[in-house]
Every structure is written in structure tokens, then in C-alpha cells.
Amino acid sequence: MKNSKHKIWILSLLTATLFILPGCSDFLDNPLENQTPSVTIDYTDMNRMYQPVSGTYGSLSKGGFASWVHTFIKTSQSDDIDPRTGYSEVNELIHTYKSGAVIKGFWALDDMWSRYYGTILTCNSALTELDKFGANIAATDEANKKLLARYQAEVRFIRALTHYFVSRSFGNVPILGIESVDPAYLGTVGKSKVEDVRKHVIEEMDFCIANLEDVRPNEAAHKGGLTKYTALFLKAKAAMDLAGNDNGSVYWNTVLESTNQIINSNKFSLFPDYYQLWKKPGKLSDESIFELQYTDFGNPTGDVVTSGGQVWDNFHLFQAPQNTYGGPINGDGWLVPSDAAVKFLKDRNDAVRMKTTIQLCGIDGRPGTFSVTPDGDTISGNTAGKKYFNGKAYLPKSQMTPGRVDWYGANNNVRVFRYAEVLLMNAEVKIRKGQSGDIPLNLVRQRVGLTPLSKATIQQLLDERHAEFICEWWGERFNDLVRTDQAATVLQGFVKGESEFFPIPQAQEDRNTNLKN
Amino acid sequence: MDWRTPADSGSVRESVARYGGSGLNPSTSTDWYKALLRKKALITNQGVDVQGGSDKVTYTAGFNYTYQNGVMEAKNDFKRYNIRLQMEAKAFPWLKLGFTSILNNSTTHFPNNEAFLTAYTASPLIPIYDEKNVIAFPVKFSNSGLIGRGDANALGQAYYNFNRLKQFQLLPSIYAEADFWSNRLTFRTQLSQLYSSGLRANYVPQRNLGVATLVSNLASTQERTTNYILDNLLTYRDGIGSHNWTVLLGQSSRQEQWRMTKVAADNVPADEEFWYTRQGTPNASYYDEDGYRNRGVSFFARGTYDFDSKYLLTATFRADGSSKYQTKWGYFPSVGLGWVLSKENFMKDQNTFDFLKLRGSWGKLGNDGIRPNSGYASVTVGNPGSSIFGSVGNANGQYVPGYNVNNFFANITWEVVTEWDFGVDFELLKNRLKGSVDYYNRRTSDVALERSFPFGAPNIYGNWASMDNSGVDVSLTWNHQVGKLGYHLGGNLSTLKNKVTDIGSLLNIPGGYPEWMAEFPNRIEVGRPIQYFYGYEVAGIYQNQGEIDADPIAASANAAVPGTVQPGFFKYRDLNGNGTRDDGDRTFLGSYLPKVTYGFNAGLNYGNFDLNIVFQGVAGNKIMNLNRGRYVKGQSSLNLDAEFYENLWTGAGTTNEYPSAYALSKSWNRPQGASFFVENGAYLRVQNVQVGYSFKAGSKAPVSMRVFATADRPLIFTKYSGFTPEISGIGYDSNVYPVSATYSMGVRATF
């Protein structure tokens, strides 16, 4: 009797546990661990307002703008570089300006497209973040309102810059605004004409010019950040591309006004030593309009910030010579200055630019021989017979952080826009307008020890551009030849109307069929 | 004679100059795999089990020790002992209490598997050691850089690697079972737990491979797993006459929790006593922490009813809740019917069937195995979301804190399988032949997978597709005893037809294998098997210029870029017939899903001897051989598998299957997916063979003894050219790990 009472009592208790125990309703409601929801961000804390902006800079500098892929694609579209990459698509097709179906499936084009637009998407995400901060700024708080506009301008500059470059490579492409945070939109958005992309860049720059700091980038609140002058520069470049070879184009006025503003600010000057400009002393000099910043924090080991995620794909290393004298100057030697580039500089007696840009790999690249750089680094020949390596991507061992044996080039920045180009754009527009471009042009020439020209012609100006930017990475040589209609005569294999742009990558068209039209 | 490219001839000459040989005949030809692999690796396994007890208490205890030497010639082995203890006590006649516990303690030395990839791709022109590599220390490994190449030294990678995981696991479990109402009602509650903790030390000493001295590095990782499952079951069993029924009510709640902390430092001394990051130069960015916590709750009910064991009915209902999905709860009913025909009177007079049963069922089931999903926009903070400012002149830049928000996410709901099944079970010929045949149809809705988007947007994990799986399952066994000789044969076979039925408004979902997505894509498309291989069809190899000139797609390519297509190059099918190779020529190249999966086994015993053999196989599936596709990735070092190498096209008429060596460097032969890389994945494997002898030793208290020899996976029959056709995942094979067979001998004694 007693026993069965017990049993009934126990049974009821157990049955109750069965249904009450898990009844705590929030048992399943834990968020995913180690992944912070964006809603936890305190948008009232104005000290954090710059954070999404810093995030966009990171996306640009670490996300592909100076990555090996972008760099070898852009550089191989010129006669200055002999691409010796591991990809026949680059060495055979891009270098001979072949477009269309043969190159549509090449993964590197897809990578370039994806990383550029990836940065654009990051910008749009950052702009929505800034709006959330903006919603918490009091109507009377003029200081923070001004900061908000400045930060928005920085992000919008980066977004416009990437649109500008993606369109220079692919022609008609979509302009992705803030509505692109919706993934469904990405699957259907259509293309804009290349002219409209450039006009869009100019409009965006007007906002940026009005709201960015009126200082040199190396004086910016965040040192090396974008300022009003970076925006004026990009505006001039977009206008110059729109003007093309037409001296009568109204866009030349935009080029003239923008470059005049930069020059007349008296904030910029050419770095006196063209050789050191590319080395540590030249980091963010008074010549710098825009630079991607990297560092190893001065430590021989530990955290390093470079353009690539790996040792091998960082900007300096993959352009470094295949050097049997060992590290750190020992890389893949993918982008070799061409014989034509060497001849061009030699014929001009352009000794400083030659010394800076053309570094030797032993004697004529023969294995078993060696050469010594101006900074005393010994460089061997190689089995592939590459005679040169790009001195603009050379960092002497003596300038590396003491004790650092890997991450060649760590603690050097990547130069993107320079004041020298402001002067050359200014000279060009003046020449095109029938005025004298000699003053700005000769500033650039004198810095590298060349004699001044008088009444310089447009061809002399273009040659100066060729020499000044020789073997650089952003496609200036190719773009200059295309916009002045010389590409078909100068570049072997270039066909007008076909070779200007890459096809939109197959993988992208497969994901958005509107990109086909 | 020269090699095709100056660089190749250069490498050979350099190898001759440094390591010996003459002209273009180097004396060095290193077999990296051979050097990297142990000829044999020993495995030992010992165990003892003890059982005992009284009326009130029963117990079993066991001890087991395993040692396994790894296949790589390096610090590479596995050691484990485990102890098991099980006790059950009858506290009252109606109440049982039990306790089981398992303790595992293991030490694993992991090899550096990167060495296998290096061995797979490295040039044989470089020796393993090079005494002339004077700056190399402590071991004089060769450095391919000294002859102008970029191949890593696989033996060096294997040697400079110490990766030890010490782990213990405790799996305690307690239960209570109570009977009420003359055993009609049973209540059982059980709590099972897992506590596991691991400490990993990954140490690379100071070394020099001939370039520069690299500092030592230590990474210490602590891991902790704590899982529990709590089950409560109430069962009611009863019957009146021929009517029998059971009702079961149950509840289960579970939690899986894992946490990892990792710290690392450079310049840590070589002695193990000093393997603490504090002894080196740690760095903030060398710190990482991760973890997860998933929870689930289920309520379920099951009722069964049978009449005379002739008519059978089962109905179940489950409600499953999971913290991993945004739609937490899924509800899953099912019902099954059975009819044992052989019990019917009208079957009494036949003697063909000893047993015959018809079955049918319908049910829904949720998949708890899909990945946890956040369902919200997440933030990346810290260094990965920040940028450097102030890198001016000789100043080092510093991080300015930043963050990125990823706005691309979807909400996840349960992936649900709705299944129909009809089957028959039978026994024939005095129960010697047993078998069953089933037809099944499973519709999976809301299949959870990663979908890629254009513009470099991150993939979004979501319930993007629905698909049908249908087929037939057959299984048969035959048992017979003739005097002292007994034998049995068994086999089973399943067919599978997979078809995607819905992907919303999308035309297709392109995808692939991480890192190889652009070169070797796959696709999801309505009407096709899920994630099928997609690309160009290779019809053969151009044998001569005439064939090229006659083929519009090759001729047009050569017209655009002379020399694009040459003899020895791939001949693609122009599926859209427009005279150029373009995206319209891409097509279905096969599915990774086997159409047929089968197995069979045979065994015989004669007196004390027995012999058993088990086979297993699949057919109708394709494998994308990424190892063959490595050349598309444009690596400076590349090896081909022997079959590929030996069959390379070398002139008109040599082969219509393989391109020339030269072709591999040309863009025409580096398409975005092609049937050349898609191979037949069918295989038949001898899974296991065992010979045994059982006997009794001693006469007073005889001890049962068994001696046996086993071969595990000794043989495989396949046309696939990679290491093994057994590929997990979605059919992409980048495996460079060699396959090994296990041969073992054993003794078991029962006292």
C-alpha cells in the first residue's frame, strides 16, 4: 500500500519534470556565438563614428586594389612590362590585348571584378552605418554634422574611385549605390555607360571636395587619409578620360580648374629624390595625393599589414627578382620591365628614372651571374633569363625593419596618385588649349635632372607621362594610349573598338543575366 | 636537344651544375612521396573486459589501449587508452538505477599534411639534402631557390613540425528506470554528458632552409567541449486478446558547447619545458578565441497497434526545436502500415514463403545537421576591420579602429524531408533466403546551402532549393548449413535518382569548390541533379593542322589570335553551333551522386575455421579531379599523375584523350570547367577480409579462444586516376594524401 502511494507520487513528479523542465521559453533563443550583431553598436557614441570609415580604407588597401591579381592584370596591358606570370591568359592574351570569349572565363578577371565591387559594397554598408550615427546627432551639433559629412565624403570617394577603375577595365558597368545592400538587387541591376560612370564620379567628387579636409593627405586628421585635393585629383582624371583626344571638349575646363586648385593651394611639392620616392623616406611625402598605407609596426616578427593576405602575394614580393642570394629580396619576378621600356628611357637619357625603375638581375639575367643595386643588395641571374626587375617595387634590405627576414617590402606604402601627375595634367590641358604647359611640365623634368623644354608639344608631354609613370601599376600608360587614340599603332595586337575593355567575367554574367546586355 | 621552354632547360642545367649529371641529363630524380612515407606503420590494440554482478548489482568494466604509427616519416603517431565502467543496481524491484562512464585519454602527433601537397607538386630535380647549402641548419635540407626554383622541400616541411594534441574525454551517463502498473508503464530518464578537453602544442624550431634564419614559433591551443543530452521517456504497453498497443511519450533536450583559445609567440626556446608564449615575443594579433553553443529540444509521441501481429500500425509525431535556425520549431508527423500476409489463412497452404510482409509509410523529418546561422547583420571589428594610418616617412603606421558590417544574411528554417516508402519483406526456402525490396521517394524542401552572388558579395547561407530523391533498395541474404560447412551470402543495392525541383525565381545557382569556383564550377538547376559539374565538353584532341582548320571554333580562334589552337590541344564541342567557343557551349558534365550504391558479403565456416569477406561499391557518379586541374591554376611547379604523363599527346595518332605537355601552358586548354577533368567515380572495394579460428583451451575451466587475421581495405577496383575515388562532399577531389590498407592479427580470450 505504502509502496504504491510512493510510486504514484514519484510518477506524477517525473511526468511533471518531463514537461516543465524544458519549459523555459528562452532555451533556444541564444544568438550565434562569437558573431556580434550590428545592432550592438552604440550609434550615440560619436567617438566611434570614424570606425566604419576606417573599415572601408581597410577594404581598399587589403581587399584587392593593390593585390597581385589587379596589379598583374593592369600592368600587363602596356608595353612597359613583359608579363612573366604563371598564367598564359596574362602573358598571351591580356598582353596582346585580346578580349572577348577567349578571356571571359579567366578567374583573375572575376577576382578583380569581385574585389572591386566588394569594396563598393563595403562602402555602401559603411554609408548606412554613418546614417545611423547621423540620426543621433542633435540638430544643433554643427561640429558632428560637419564630421559626418566629411566621413561620408571619405567613403563616397573610395566608392567613386573603385567605380572609376572598374569601369576603366570593363567599360559599361553598373553603378552600385546604397540600395545594393539588398542581395536581390545585385542579381538584376543593369549596366551604365562608361561616360555615365565617369560623370557620376565627377558629381561624387563635387560632394567630396565640399566636405573633405582642406589639407595635404599627410596633414589629415587621420594621417594619410583622403582630403579635398585627392577628390580634385580624381575629378580631373575622370574629366580627362571624358575629354579624350578632343581638344575642344568642355571637360578640359574641369581638368584645368581642378589641377589649378591643387597647384594654387601651394601645399604640394615634388619629392626631390625620385629614387627614394619609392622607398621608405618617400612614404606619404608632400608629393603624395593618395597612398595605400601598410606597416610592420617596426617589429621584426608579429603582425604585418600588407596588400596581400599571404607572404607570396604581397605587392613587393611577387614583383621581386628570383634571387639565389636569398631573402628577403627573393620573389616570383612576375612583372619584368620590358626591353622597350629600357630602350625608351635610354634613348631619352633619362638616367634618374632608369636608375630608379630598371634594376638588373645579374648580367642579362644569366644564371650564375650577379649584379648589385644602388643600395648594395646583390641580385643573381635566373633560369628564366629575366634581365630586370621593377625598381619602383624594390625596397633595399637596409630599409627593412631590422631582424625582419620575411614579408619583403613590409612597412612600405603603395603609391597611387602623385602631385607629379597633377602638374602633367595641368600642362596637358594648357597645351591642348594652345597655351604653354612648360612651367608645370619642367618642374617634373627638373626633379629627375632633365633639361627644361620650351613650347612643349602634346607628344612631348605624353612622352613625359610615359617616362614619369613607367612601370607603375594603375594602367596609366594603356589609358593614355587609348584616350589619345594611339593604342592601335603603339600596342602590338590592339584592335580599336575591341581591345579597350575586358569582357564582363563569365561567372558574373551567370549570376546576373542583365550584365550581358 | 632542348626542353620546350628555356626556363625548363635552365632548371635542368642548374640541377646538373649543382647536384650532378651531365648536359641535360640530371643525376637527381627525387621521389618525394617515397621519401616522405613510412613503408609500414604499426598499429596495436589491446583490450580487457570484465563482467560480473549479483542479483541486485551488475557491472562490466573494460580497458583498451591503441597505438598507431602515422604514415609520414616524421613525428606522427596516435596513442590512446580508454576505460569503460558500467553499473546497474536494482534499488527496488520496480526501480533500476544505472551509471556508465567512459574515459578516453589520447596523444596525437599530427604530421604536416602540407608536405604531401608539396611532394605532389615539387620538381624531382632537387635532392632532399644538400651539404653545400652551408647556411641551412640544423639539417642541411636542399633549397630549390639555389637553382632558381620555388619548390618547398617536403621533407623539411615534415621535419620542422611538431604538432601534438593531448586530449581527454569523459563520458558519464546516469539513468533511472521505473516500472508501474505491473510493468505496463515504464518511465526512463537519462542524462548523458561529454566533457572533453584538449591542449595542442604546435612548435616550429628556429631553422634555416638556405634563405634566411626563421625564428621559432609556438602556437598553443586549448579546447573544451561540454555536451549534454537529457532524455525522458514514458512508455505504456498493453493489450486485450489479439489487440496490442503501445504509447510512448518523450522529451529530449540537448546542448553542444565548444570553446577554443589560441595564443602564439615567436622566439620560444626549443625545450618543451619553456613552451609558454610568455617565454617568447607574443603579439596581440596572435590571439584568437572561438566557440559555439547549440541547443535543441524535442517532444515526441509514438503509438503502435497490431492485431495478432498481422496488421500493424505505427504513428509518430515530433516537434523539434533548434537554436541554430531562425524558425526554431519544426513539426514532423509520420504513419506506417504493415500487413503480414504469411499469417493469413489463404497463405496457409503454400510453402514458398515462410514469411511475407507488405509495408507502406509516409512521414516528414527535419534535418538537424545543417549549419548554425546568425540571421542578423554581423560586425567585423578589431584588426581585420581596421586600417593603417600614419605610415609616413620613417614612421610606422598604426591601426585606427574600424569595423565592417556584413548586411548579407538570410533567415534559416528547417530543411524537411517528406518520404513515401513501399516495401515487401520476405523469407523463402526454409528461411534460407531472406530479403526486402523497397521503393522510396524523398522530397527535400528548403535545402540549406551557400549561394553565391555577383559583385563579390559574400555568399548567403539560406534555404534556397528543393529536390527529389527516389529509388529502389534491395537486400538479400542466403544462409545454409551442410554438415560441418556453413556459408552465407548477402547483398544490398540502392539506386538514387536526384532531381532539383525548385530554386525560386532563379535560372540557376552557380557554385563550386572553395578557391576553385571560377575554374571548375558547378550548378544547381531545376530538372538536374543538385550541384552538377558544369563546363565545356572535350570531344578529343586535334591531331593535325588539317583538323584544326576544318573545325570552325578552332579556325575562328586562330583567326582572332594566331596560334591559339595547335595540334595536341583540346577539341571542344560547339554545342550552340555558332562557330566560336563561348558560354553557350557549356553543359551538364555529370553529377557527384552515385546512381547505384551496393555491397555484398560472403562467409563460410567449417568446424572451427571461418572466413568472411565484405565488398562495397558505387557506380554512376563523377569526380572532378582537381589534382589534374592544378595546371589550370598556373603554378610554377607541377607534376602529372603517371597515367596522364605517360599518355600525353606527342604527335598525330598518339592519343585522342590527353593533350600535349605544351598544351597545358596555353590558355585554350585552360577552360572554365571541362569534361576532361570529370572522371568516372565508380569503384568496387574489398572492404574487409577476415580469417579466424576458434577453439577452447584447457579442460577444467575451458577458455574460449579466437585467433584471427584481418585485412581492411586491401583492394580497390576503379578507373579513377586519383589516389582514391572515395571523396567526401560534392565530388571535388584535391586529396594528395596517400591511401593505406590495414593488415591485422588478433587473439581474443574469454574466461
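Given the structure is predicted, the values throughout are model-derived calculations rather than measurements.
- Contacts between Ala560(B) and chain A at a heavy-atom distance below 4.5 Å involve the backbone alone (N, CA, C, O).
- When heavy atoms are compared at a cutoff of 4.5 Å, Ala557(B) does not approach chain A at all.
- Chain B forms more heavy-atom pairs under 4.5 Å with one residue of Gly298(A), Pro281(A), Pro183(A) than with any other, namely Pro183(A).
- Interface residue Val215(B): only side-chain heavy atoms are found under 4.5 Å from chain A.
- The part of Trp329(B) that comes within reach of chain A is its side chain, from C-beta onward, which places non-hydrogen atoms under 4.5 angstrom from that chain.
- If you measure heavy-atom distances from Lys386(A) to chain B, you find no contacts under 4.5 Å at all.
- For chain B, the nearby part of Glu92(A) is the side chain; its heavy atoms alone come within less than 4.5 Å.
- In this structure, the portion of Lys98(A) lying under 4.5 Å from any heavy atom of chain B is its side chain and not its backbone.
- With a threshold of 4.5 angstrom between heavy atoms, Pro521(B) does not approach chain A through any atom at all.
- Among Ala176(B), Pro372(B), Gly393(B), Gly673(B), the residue making the largest number of heavy-atom pairs under 4.5 Å with chain A is Gly393(B).
- Contact tally against chain B (heavy-atom pairs below 4.5 Å) for Pro37(A), Ser125(A), Ser61(A), Gly58(A): the top residue is Pro37(A).
- Highest contact tally toward chain B, considering only Ser38(A), Gly333(A), Gly105(A), is held by Ser38(A) [criterion: heavy-atom pairs under 4.5 Å].
- Using a 4.5 Å cut-off between heavy atoms, Ile120(A) does not touch chain B at all.
- Proximity to chain B (any heavy atom under 4.5 Å) is restricted, for Ile41(A), to the side chain, taken from C-beta onward.
- At a 4.5 Å heavy-atom cutoff, Thr401(A) makes no contact with chain B through either its backbone or its side chain.
- Between the side chain of Ser88(A) and the backbone N or O of Ser665(B) there is at least one donor-acceptor pair closer than 3.5 Å.
- Between Gly456(B) and Leu121(A), the shortest heavy-atom contact is C-CD1, 4.3 Å.
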One pair to check against side-chain hydrogen bond (donor to acceptor under 3.5 Å, both in side chains): Asn404(B) and Thr122(A). What are the steps and the verdict? CA-CA 7 Å; Asn404(B) 289 316; Thr122(A) 305; 5.2 Å; no
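- The contact between Thr56(A) and chain B is made entirely by backbone atoms, counting heavy-atom distances below 4.5 Å.
- Here the side chain of Lys62(A) pairs a donor or acceptor atom with the backbone of Ser386(B) at under 3.5 angstrom.
- Interface residue Asn413(A): only side-chain heavy atoms are found under 4.5 Å from chain B.
- When heavy atoms are compared at a cutoff of 4.5 Å, Pro174(A) approaches chain B solely by way of its side chain, counted from C-beta outward.
- Note on Arg293(B), Gln672(B), Lys324(B): by heavy-atom pairs under 4.5 Å with chain A, the leading option is Arg293(B).
- Contacts with chain A were tallied for Gly321(B), Ser322(B), Ser452(B), Pro671(B); Ser452(B) has the most, counting heavy-atom pairs under 4.5 Å.
- The greatest number of non-hydrogen atom pairs below 4.5 Å with chain A, out of Ala410(B), Ser374(B), Pro401(B), Pro458(B), is found for Pro401(B).
- Looking at Ile460(B), the atoms closer than 4.5 Å to chain A (heavy atoms on both sides) all sit in the side chain, from C-beta outward.
- Only the backbone of Tyr294(A) comes within contact range of chain B, with at least one heavy atom under 4.5 Å from a heavy atom of that chain.
- Of the possible donor and acceptor atoms, one in the side chain of Asn34(A) sits under 3.5 Å from a partner among the backbone N and O of Glu289(B).
- Tyr376(B) approaches Thr36(A) most closely through the heavy-atom pair CE1-C, 4.0 Å.
- Between chain B and the residues Gly118(A), Ser114(A), Ser54(A), Gly55(A), the largest count of heavy-atom pairs under 4.5 Å involves Ser54(A).
- Proximity to chain A is absent for every atom of Thr380(B), based on heavy atoms less than 4.5 angstrom apart.
- Considering CG of Asn407(B) and CD of Glu129(A), their distance stands at 7.0 Å, rounded to 0.5 Å.
- Among Asp110(A), Thr85(A), Leu93(A), Asp332(A), the residue making the largest number of heavy-atom pairs under 4.5 Å with chain B is Leu93(A).
- Counting heavy atoms from C-beta on, the side chains of Gln51(A) and Val379(B) never come closer than 4.5 Å.
- Lys328(B) places a side-chain N or O within donor-acceptor distance of the main-chain N or O of Leu28(A), the cut-off being under 3.5 Å.
- Interatomic distance, Asn218(A) CG to Ser391(B) OG, rounded to the nearest 0.5 Å: 12.0 Å.
- Between chain A and the residues Gly385(B), Gly296(B), Pro510(B), the most heavy-atom pairs under 4.5 angstrom are made by Pro510(B).
- Side chain of Arg295(B) to backbone of Phe27(A): a donor-acceptor contact under 3.5 angstrom is found.
- Proximity to chain B involves both the backbone and the side chain of Glu89(A), based on heavy atoms less than 4.5 angstrom apart.
- Residue Ile103(A): no heavy atom, backbone or side chain, is found under 4.5 Å from chain B.
- With a threshold of 4.5 angstrom between heavy atoms, Ala395(B) approaches chain A through N, CA, C or O but not through any side-chain atom.
- Atoms CG and NZ, on Asn396(B) and Lys280(A) in that order, are 6.0 Å from each other to the nearest 0.5 Å.
- Of all the heavy atoms in Tyr87(A) and Arg670(B), the pair that sits closest is CD2-NH2, 3.7 Å.
- If you measure heavy-atom distances from Arg188(B) to chain A, you find no contacts under 4.5 Å at all.
- The aromatic rings of Phe297(A) and Tyr399(B) lie tilted to each other, with the angle between the two planes from 30° to 60°.
- Ring orientation note: the planes of Phe455(B) and Tyr117(A) are nearly perpendicular, at an angle over 60° on the 30°/60° scale.
- Only the side chain of Arg523(B) comes within contact range of chain A, with heavy atoms under 4.5 Å apart.
- For Val181(A), the parts lying near chain B are the backbone and the side chain together; criterion is any non-hydrogen pair under 4.5 Å.
- Nearest heavy-atom pair across Arg48(A) and Tyr403(B) is NH2-CD2, 4.2 Å.
- Contact of Asp266(B) with chain A is made through the side chain alone, with heavy-atom distances under 4.5 Å.
- Using a 4.5 Å cut-off between heavy atoms, Ile509(B) makes no contact with chain A at all.
- Both the backbone and the side chain of Ala507(A) come within contact range of chain B, each with at least one heavy atom under 4.5 Å from a heavy atom of that chain.
- Contact count versus chain B (heavy atoms, under 4.5 Å) is highest, among Leu284(A), Asp296(A), Leu186(A), for Leu186(A).
- No donor-acceptor distance shorter than 3.5 angstrom exists from the side chain of Glu33(A) to the backbone of Gly291(B), with no hydrogens or angles considered.
- Atoms CZ and CG, from Arg511(A) and Asn508(B) in turn, are 9.0 Å apart once rounded to the nearest 0.5 Å.
- Put simply, the residue from Glu291(A), Lys283(A), Lys223(A) that forms a side-chain contact (heavy atoms from CB on, under 4.5 Å) with Val392(B) is Lys223(A).
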